[in-house]
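Since the structure is predicted, the reported quantities are computational estimates derived from the model, not experimental observations. Sequence lines set the chain letters: A, B, ... in the order given, protein chains first and strands last, and positions in each chain run from 1.
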Number of protein chains: 2
Amino acid sequence: MARNRPYTCGLDAAIDVVGGKWKATVLWMLEDQGPLRFGELRRQIPAVTEKMLIQQLRELEADGLVHREAYHQVPPKVEYSLTDYGRTLEVALRPLGEWGHANMARIEATHA
Amino acid sequence: MARNRPYTCGLDAAIDVVGGKWKATVLWMLEDQGPLRFGELRRQIPAVTEKMLIQQLRELEADGLVHREAYHQVPPKVEYSLTDYGRTLEVALRPLGEWGHANMARIEATHA
DNA sequence: TCAAGTACTGACTATATTGTCAGGTACTCA
DNA sequence: TGAGTACCTGACAATATAGTCAGTACTTGA
């Protein structure tokens, strides 16, 4: 989002990391269901395109939140999982997720 | 960000609400310093333009998170404050803000 | 030989979000 | 009359983010 660095507050920094269109969803899936293969993630999130999913995964990996494990097999197998650091983020994100869940109807109604 | 509705998870919904470039900062200011006038907010966040600040405030207001109180005076006086609903969001956001604060250096270093 | 599965890549396009800049009102004070 | 203050608007341009689509490598199974 081309945020204002240096960040004005921790929130700003955190949202910069987690603000991508699919990142929250990916993090949530990996937390909820443990390590997942690329294709599994893709099927869990039907609306995402392959390109976007890879892009988001690469960014999460570069940020150290997600670990990518490639098995040298044919056909290829790649597994994504949360790192310890990623898990600390997930914990910090949980109240926000609960807030969103609790107020989902209101958000959908008011947020054009 | 033109997010995927209906939302896939609460996190998705929450980030839709709080994901604007300056929204987190505004929420943080209003929580931290109580009701603020437009000009005060603007001075607290030097990098924001008037147009952007108004736009973000309008959206926060439409979402019911921020209350706008106009005093019919000249020169005009308008005060913005968090609503009760806005305060519930602020509470949910706090752990994330702390996470961002604690990991700021790492985020700035890794997040290109 | 040919399709299918798996995890990608890259060129190009489309849309969304931000930013710039020039007003605009309405009233007060000198 | 003219300047100043505070809050805001709208046209337009720039940038950032997301999406489309075609194509890759390698191997198994029909």
Taking [atom1] from [X] and [atom2] from [N], how many angstroms apart are they, rounded to a whole number?
{"X": "Lys23(B)", "N": "dT18(C)", "atom1": "NZ", "atom2": "C1'", "result": "13 Å"}
{"X": "Glu79(A)", "N": "dT6(C)", "atom1": "CD", "atom2": "C1'", "result": "14 Å"}
{"X": "Ile45(B)", "N": "dG19(C)", "atom1": "CD1", "atom2": "C1'", "result": "16 Å"}
{"X": "Leu57(A)", "N": "dC8(C)", "atom1": "CG", "atom2": "C1'", "result": "12 Å"}
{"X": "Met52(A)", "N": "dC12(C)", "atom1": "CE", "atom2": "C1'", "result": "13 Å"}
{"X": "Lys77(B)", "N": "dT25(C)", "atom1": "NZ", "atom2": "C1'", "result": "20 Å"}
{"X": "Ile15(A)", "N": "dT18(C)", "atom1": "CD1", "atom2": "C1'", "result": "17 Å"}

Q: Determine whether the side chains of Gln33(B) and Glu40(B) contain a donor N or O and an acceptor N or O closer than 3.5 Å.
A: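 No - no donor-acceptor pair under 3.5 Å links their side chains.
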
Give me the atom names and distance for the closest heavy-atom approach of [X] to [Y].
{"X": "Thr83(B)", "Y": "Val66(B)", "answer": "CG2-C, 3.8 Å"}
{"X": "Phe38(B)", "Y": "Glu50(B)", "answer": "CZ-O, 4.1 Å"}
{"X": "Tyr80(A)", "Y": "Leu30(A)", "answer": "O-CD2, 3.4 Å"}

I want to verify a distance call: between [options], whose nearest atom is closest to the [X] side chain?
{"X": "Val78(B)", "options": "dT20(D), dC7(D), dT18(C)", "value": "dC7(D)"}
{"X": "Trp22(A)", "options": "dG19(D), dC8(C), dT18(C)", "value": "dG19(D)"}
{"X": "Arg58(A)", "options": "dC8(C), dG19(D), dT18(C)", "value": "dC8(C)"}

Q. Is the shortest side-chain N/O distance from Tyr80(A) to OP1 or OP2 of dC8(C) below 4.0 Å?
A.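 So the side chain of Tyr80(A) is within the cut-off, an N or O lying under 4.0 Å from OP1 or OP2 of dC8(C).
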
Q.
If the cut-off is 4.0 Å, is Gln56(B) near the phosphate of dT18(C), judged by side-chain N/O to OP1 or OP2?
A. yes

Q | Footprint string (nucleotides 21-30 of chain D, 5' to 3'): B base within contact, S backbone only, - free, heavy atoms under 4.0 Å | A | -----BS---

Q. Which parts of residues 33-42 of chain B get close to DNA chain D, meaning a heavy atom less than 4.0 angstrom away?
A.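 Correct list: Arg37(B), Phe38(B), Gly39(B).
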
**Q.** Listed once per pair and sorted, the side-chain hydrogen bond (donor to acceptor under 3.5 Å, both in side chains) pairs that draw on residues 91-107 of chain A, sequence neighbours left out
**A.**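 Only Glu90(A)-Arg94(A), Trp99(A)-Thr88(B) qualify under side-chain hydrogen bond (donor to acceptor under 3.5 Å, both in side chains).
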
